[in-house]
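It should be emphasised that the depicted structure is a prediction, and the values quoted were computed from it without experimental measurement. Note that ligands are numbered from 1 as they come in the structure, with each ligand's atoms numbered from 1 the same way. Residues take their numbers from the sequence shown, with the count starting at 1.
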Amino acid sequence: MANRKKHIVILATGGTIAGVGEPGKNTGYVSGQISAEDLVKSVPELSDYAEITTEQICNVNSDDITDKLWIKLSNRITELQEDESVDGIVVTHGTDTMDETAYFISLTVKCEKAVIVTGSMKPATAKNPDGPENLLGAVRAAAGFAVDDDPPANLVWVYFAGELFDARNVQKCSASAINAMGVNAPGEGSNWNALKEQNFFDVSKFESLPRVNVVYFTVDANPKILEYAACVSDGLVIAGAGSGEFSLAWAKVLENIDIPVVIASRTHHGLVTLNKSLAPGRICAGRLAPQKAAVLLKLVLTQTSRTDDIKRVFAL
Ligand code: ASP
């Protein structure tokens, strides 16, 4: 019997890849305009690699993605993981928060089939849009036509500008480059086995998630922003300078904050080691960038608010 074509489901959420502006222009467009169906029609080569079906989860700028949309997306991907007629899933998404969404999916879906997240830096109406290439690469990866040196299928990946990045380490590293995606530790590669062992959180029964905010430290930053952030949050991430550091004035205010606080680095690269005199007893983000630490903290807080338990999850 001839091999049947792989069945890939594209879940579209919007972003620049579905953006529309003045024909030929790269900027000044509106994200999330083109439907999933029309996106696919614009890349006829997709049918060389897979049978495609599309679903529109939402059609927004990725800065308007919410916890509710994350839960909806994660639940749908879980259903597709269990659907025997489906071989892989591609999510189209704006690049601004693509790294957070990919990480969220990786922490909330038990993957047996590849989930590949992709998007573009130029709108569909640009002169040479990068969306079609990225969508084609993502579908090829989801269908098992490996683009890298054989990454495991049962993980969540971002495919962008010819490269695959694992969901835990990927970050948007450039506001304008066509290859805008990178990783926390360039050159170190991904430890795929370690990625498989990461935490899992079942969000299928939730309608909302705990409130976690990131506070960014700068020279002489008013410590009151820390106080205020704590009042409107269930957990906080501090994007500190260097190895997650901040002023003595911030450290003093932090002493009286009694919600879980994770210390990360605004450098977005390298390993944070907690400065115990500035942030005694607080949780260390390790290699997670602040926005990734916020995703993990949000999910851990669905299970516990005990700092020692949260520290164990962050240490994994
Ligand atoms: N603002 C857009 C978004 O994240 C940027 C992009 O997709 O490249 O939806």
Side-chain angles (χ1 to χ4, degrees), residues 10-43 54-74 76-77 89-106 115-139 141-142 156-165 167 169-183 213-214 216 239 268 289-292 294-295 298:
I10 298 181
L11 301 177
T13 70
T16 296
I17 192 167
V20 169
E22 216 180 293
K25 288 255 168 83
N26 291 351
T27 52
Y29 58 89
V30 183
S31 285
Q33 300 295 301
I34 290 180
S35 69
E37 223 175 298
D38 286 343
L39 259 186
V40 167
K41 275 195 202 136
S42 71
V43 194
T54 59
E55 291 176 30
Q56 196 80 48
I57 296 290
C58 56
N59 210 356
V60 298
N61 184 339
S62 73
D63 305 293
D64 292 316
I65 291 285
T66 58
D67 292 354
K68 268 203 169 74
L69 287 172
W70 268 353
I71 294 168
K72 180 179 176 187
L73 181 62
S74 164
R76 186 62 189 131
I77 296 174
I89 297 127
V90 168
V91 177
T92 58
H93 197 286
T95 58
D96 288 353
T97 62
M98 174 183 286
D99 53 354
E100 292 170 65
T101 294
Y103 190 41
F104 183 84
I105 300 168
S106 77
V115 178
I116 315 282
V117 186
T118 196
S120 75
M121 289 298 282
K122 292 195 261 178
T125 46
K127 194 158 173 226
N128 293 307
D130 52 332
E133 270 301 315
N134 284 345
L135 187 57
L136 185 62
V139 165
V156 181
W157 301 92
V158 164
Y159 175 83
F160 214 83
E163 282 188 81
L164 273 177
F165 304 96
N169 288 301
V170 67
Q171 318 184 40
K172 185 171 185 181
C173 295
S174 169
S176 54
I178 282 295
N179 56 348
M181 296 295 158
V183 290
N213 290 292
V214 178
Y216 195 104
H268 290 243
Q291 73 274 23
K292 294 292 192 65
V295 175
K298 199 182 267 284

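- Checked by distance only, ligand 1 and Y29 stay at 3.5 Å or farther apart across all their nitrogen or oxygen atoms.
- In terms of protein heavy-atom proximity, atom 3 (C) of ligand 1 is nearest to N61 OD1, 3.2 Å.
- If you check which protein heavy atom lies closest to atom 5 (C) of ligand 1, you get T16 OG1, 3.1 Å.
- For the 3.5 Å distance criterion, the side chains of Y29 and T16 qualify, holding a donor opposite an acceptor.
- The closest donor-acceptor contact from the side chain of K292 to the backbone of Q171 lies at 3.5 Å or more, if one exists at all.
- Salt bridge K298/D67: present, at least one basic N to carboxylate O contact under 4.0 Å.
- With ligand atoms numbered from 1 in the order given, ligand 1 contributes 1 (N) to contacts under 4.0 Å with heavy atoms of D63.
- Looking at S62 next to ligand 1, an N or O pair under 3.5 Å apart turns up.
- Heavy-atom separations between S31 and ligand 1 include at least one value shorter than 4.0 Å.
- Every atom of ligand 1 with a heavy atom of S120 under 4.0 Å away is listed here by number and element: 6 (C), 7 (O), 8 (O).
- For R76 and E55, the salt-bridge test passes: some basic side-chain N is under 4.0 Å from an acidic carboxylate O.
- V91 places none of its side-chain heavy atoms less than 4.5 Å from the side chain of T118.
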Intermediate values then yes/no, side chain to side chain contact (heavy atoms under 4.5 Å, CB included), F160 and N179:
CA-CA 7 Å; F160 214 83; N179 56 348; 5.6 Å; no
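- Some N or O of T95 is nearer than 3.5 Å to an N or O of ligand 1, by distance alone.
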